[in-house]
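Here, residue 1 is the first one in the sequence, and each next residue gets the next number. Treat the numbers as computed from the prediction; the structure is a model and nothing was measured.
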Amino acid sequence: MPGNVEHLSEHIARRFEPLATDAAAVLRAMGGSAHFNVLFGAICAVRRSDGRPVSENLKDRLGEALEQFREPGDHPDGDGHALFYRPFGDHSFRWALCRDAPVDVTPFLEHLGNERAGAAS
């Protein structure tokens, strides 16, 4: 069973990695935080300019990606365990990067997926 949990966590991390990477880059360019709709619009613009598709469910998937890599306590210090947090709480649509979010998030996302898989087993 632990192998299945680890596989599922890695699958989830890989599924959301491109969106989490885009969100982190866009938030960094916007000064670290933005309203969800502004973030979504900017990600769509970046993807279109790069020739990447913008799927019909991208908005939903972005929300899922932000939640997947969210700081549970919504604190700006992710302590290496999250990329994003909601600075004004659950009822706000503003998202921000955790202070310790790395510039290159790909290795971080791989590490986080493995870490969460180990904790779930």
Side-chain angles (χ1 to χ4, degrees):
M1 185 71 165
N4 291 338
V5 171
E6 182 176 318
H7 175 71
L8 179 61
S9 182
E10 287 176 16
H11 172 73
I12 290 169
R14 277 195 307 270
R15 177 177 173 218
F16 292 123
E17 182 180 318
L19 273 174
T21 302
D22 289 348
V26 168
L27 284 172
R28 185 166 277 108
M30 293 180 147
S33 72
H35 187 279
F36 179 82
N37 290 333
V38 173
L39 175 61
F40 173 69
I43 288 173
C44 288
V46 166
R47 285 178 166 236
R48 285 184 184 115
S49 72
D50 290 347
R52 292 186 287 160
V54 176
S55 64
E56 289 183 25
N57 68 345
L58 186 64
K59 195 170 201 174
D60 292 335
R61 288 182 45 234
L62 174 60
E64 292 172 10
L66 292 169
E67 288 292 341
Q68 179 68 30
F69 300 106
R70 178 180 176 189
E71 170 63 29
D74 280 328
H75 192 273
D77 297 322
D79 295 329
H81 300 289
L83 279 178
F84 312 107
Y85 72 103
R86 287 185 166 181
F88 302 118
D90 280 339
H91 301 291
S92 171
F93 289 98
R94 181 161 290 276
W95 284 89
L97 277 174
C98 291
R99 285 187 195 133
D100 64 348
V103 173
D104 180 7
V105 297
T106 303
F108 172 82
L109 292 171
E110 290 171 2
H111 168 74
L112 187 61
N114 292 335
E115 186 176 276
R116 290 185 177 175
S121 59

Show me the donor-acceptor pairs within less than 3.5 Å that the side chains of residues 89-97 make with the rest of the protein, sequence neighbours left out.
residue : atom : partner : partner atom : Å
Asp90   : OD1  : Arg70   : NH1          : 3.2
Asp90   : OD1  : Arg70   : NH2          : 2.3
Ser92   : OG   : Arg94   : N            : 3.0
Arg94   : NH1  : Ser33   : OG           : 3.2

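- Grouping the Ile, Leu, Val, Met, Phe, Trp and Tyr side chains by contacts below 4.5 angstrom, directly or via other members, places Tyr85 apart from Phe36.
- Two residues are said to be in side-chain contact when any heavy atoms from C-beta on lie closer than 4.5 Å; Glu67 and Arg86 meet this criterion.
- Pairing each heavy atom of Ala34 with each of Leu27, the nearest pair is N-CD2, 3.6 Å.
- Between Leu19 atom CG and Leu66 atom CG the span is 8.0 Å, to the nearest 0.5 Å.
- Residue Val26 is grouped with residue Val54 when hydrophobic side chains (ILVMFWY) are merged at heavy-atom distances under 4.5 angstrom, including chains of intermediate members.
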Show every donor-acceptor pair shorter than 3.5 Å between a side-chain atom in residues 37-48 and any protein atom, with sequence neighbours excluded, or say none if there are none.
residue : atom : partner : partner atom : Å
Asn37   : OD1  : Lys59   : NZ           : 3.2
Arg47   : NE   : Asp22   : OD2          : 2.8
Arg47   : NH2  : Asp22   : OD2          : 3.1

